[in-house]
Protein chains: 2
Amino acid sequence: MIFSKSCVYGLRASIYLASISGDKYISIKGLSDKLDISFHFLTKILQELTAADLLESMKGPKGGVRLSRSGSEITLKEVVVAIDGPAIFTECVLGLPGCGSEKPCPMHAMWEDTRDEINEVFMNTTLQNMSKEGKAKDLRITPDGKFIWS
Amino acid sequence: MIFSKSCVYGLRASIYLASISGDKYISIKGLSDKLDISFHFLTKILQELTAADLLESMKGPKGGVRLSRSGSEITLKEVVVAIDGPAIFTECVLGLPGCGSEKPCPMHAMWEDTRDEINEVFMNTTLQNMSKEGKAKDLRITPDGKFIWS
DNA sequence: AAGTTTTAAGACAATTTTGTCTTAAATATA
DNA sequence: TATATTTAAGACAAAATTGTCTTAAAACTT
Ligand code: SF4
Ligand code: SF4
């Protein structure tokens, strides 16, 4: 699996948050119901995104989380890096330490271009790109087909 | 991490085996020393490759493992699929079940091309490609720099 | 001010992955 | 045939990831 489950959950939640207009806080309970992710687990993941300043949170009634910037200003790469770290964009197949520097591994040449393309794609795609695409075409972001954009 | 550790170890060992000429069996103990991988763990991984008919094994003195075909006829993709399964070549970012079919996720469009490129690269690169490259340029396939091609 | 709702923090448990060890079976050699 | 060497198989342990639960702190409501 390319990304950890935490990362996938973080992406799903971020994309969904980007689909919501206004600056209201959305409760994590609501998110976890909608996205079919364990509430406490999702809370921990979103805390990482809050710590990375991608989300803002508010306690109490009317509290919850929201994007700290417009969804058009947050890239998928930022979300991935906040949860899984930058390895996928900088390292490679054999995962040798000190990659790409003086002594590469044999796979470096074959992998470098692909890795850079992954980097490009994730750096150039925003949460808004994904939420608009998903909403417009009514695409799912959960395993079951029950998810409904709001 | 894109591939599991088992998969990375399997790739390292396969590439090294492809660098050895002749049809001698190479002992797993020798491999594990050379590649700095736990002997028993490597044994288990190589058993998967043997079960997938990528390696042949022989017990007893003079026993060990060897490629079942020429390194020029075994692709990196075959090794990866044997250990980690085909998911990376067929699935995607959000890892939703039944991917790419009737109801894709919003990331499908952005990811499809990259995923197919990964597939191409791994399908078109052989163990011999990698071992020749590594041997010719004396590139490392282990974390420490002590590895020496033989 | 008191009570309710919600995130924060962290302890804890379950699962998966990674790694170790023991025993058995097969093969070569003496 | 007896012994040593090596893979096969699987039990077991350690570590990382994933998931659950409890308590505390903050913010709103009455
Ligand atoms: S040399 Fe290149 S391909 Fe090899 S491990 Fe390092 S970054 Fe990855
Ligand atoms: S729809 Fe495409 S990108 Fe989304 S999970 Fe399925 S294969 Fe991956």
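In what follows, chains are A, B, ... by sequence order, proteins preceding strands, each numbered from 1. Predicted model only: the values in this text are computed from it and were never measured.
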Flag this pair as yes if the NZ/CZ of B:Lys34 is under 6.0 angstrom from the six-membered ring centre of B:Tyr16 and inside a 45 degree cone about the axis; otherwise no.
no

Under 3.5 Å, is there an N or O donor on one side and an acceptor on the other linking the side chain of B:Lys44 and the base of C:dG19?
yes

Quick check: is B:Tyr9 connected to B:Phe39 through a chain of hydrophobic side chains (ILVMFWY, heavy atoms under 4.5 Å apart)?
yes

Look only at the side chain of A:Asn119 and the backbone of A:Asp116, and say whether a donor-acceptor pair between them is shorter than 3.5 Å.
no

If I take atom CD in residue B:Glu48 and atom P in nucleotide D:dA9, what distance separates them, rounded to the nearest angstrom?
12 Å

What is the distance from CG of A:Leu31 to P of C:dT6, rounded to the nearest Å?
12 Å

Considering residues at least two apart in sequence or located in another chain, which fulfil the salt bridge (Lys or Arg N to Asp or Glu O under 4.0 Å) criterion with B:Lys29?
B:Asp33

Separation of B:Phe3 atom CZ from C:dT17 atom C1', in whole Å?
17 Å

Could you pull out all residues at least two apart from B:Glu117 that satisfy salt bridge (Lys or Arg N to Asp or Glu O under 4.0 Å)?
none

Ignoring the backbone of B:Thr50, work out which of D:dC21, C:dG19, D:dA8 is nearest its side chain.
D:dA8

Rounded distance (Å) that lies between atom C1' of D:dG19 and atom CD1 of A:Ile83:
16 Å

Could you tell me the separation between the NE2 atom of A:His40 and the C1' atom of C:dC12, rounded to a whole number of Å?
13 Å

Could you tell me whether the phosphate oxygens of C:dT18, OP1 or OP2, come under 4.0 Å of any side-chain nitrogen or oxygen in B:Tyr9?
no

Start with the C-alpha distance between B:Asp53 and B:Ser68, add both sets of side-chain angles, then the distance that settles side-chain hydrogen bond (donor to acceptor under 3.5 Å, both in side chains), and finish with yes or no.
CA-CA 7 Å; B:Asp53 276 324; B:Ser68 64; over 6 Å; no

Measure the spacing between CG of B:Leu11 and CE of B:Met130 and express it to the nearest 0.5 Å.
10.5 Å

When the distance from CE of B:Met1 to C1' of C:dT17 is rounded to whole Å, what number comes out?
12 Å

Please list, pair by pair, any protein nitrogen or oxygen found under 3.5 Å from a nitrogen or oxygen in nucleotides 4-7 of chain D.
| unit_1 | atom_1 | unit_2 | atom_2 | d |
| --- | --- | --- | --- | --- |
| D:dT6 | O4' | B:Gly60 | O | 3.3 |
| D:dT6 | O2 | B:Gly60 | N | 3.3 |
| D:dT7 | OP1 | B:Ile28 | N | 2.5 |
| D:dT7 | O3' | B:Ser57 | OG | 3.3 |

Less than 4.0 angstrom between a side-chain N/O of B:Ser38 and OP1 or OP2 of C:dG19, yes or no?
no

Can you measure A:Tyr25 atom OH to C:dT5 atom P for me and round it to whole angstrom units?
20 Å

Rounded to the nearest Å, what distance is computed from the CZ atom of residue A:Phe41 to the P atom of nucleotide C:dA14?
16 Å

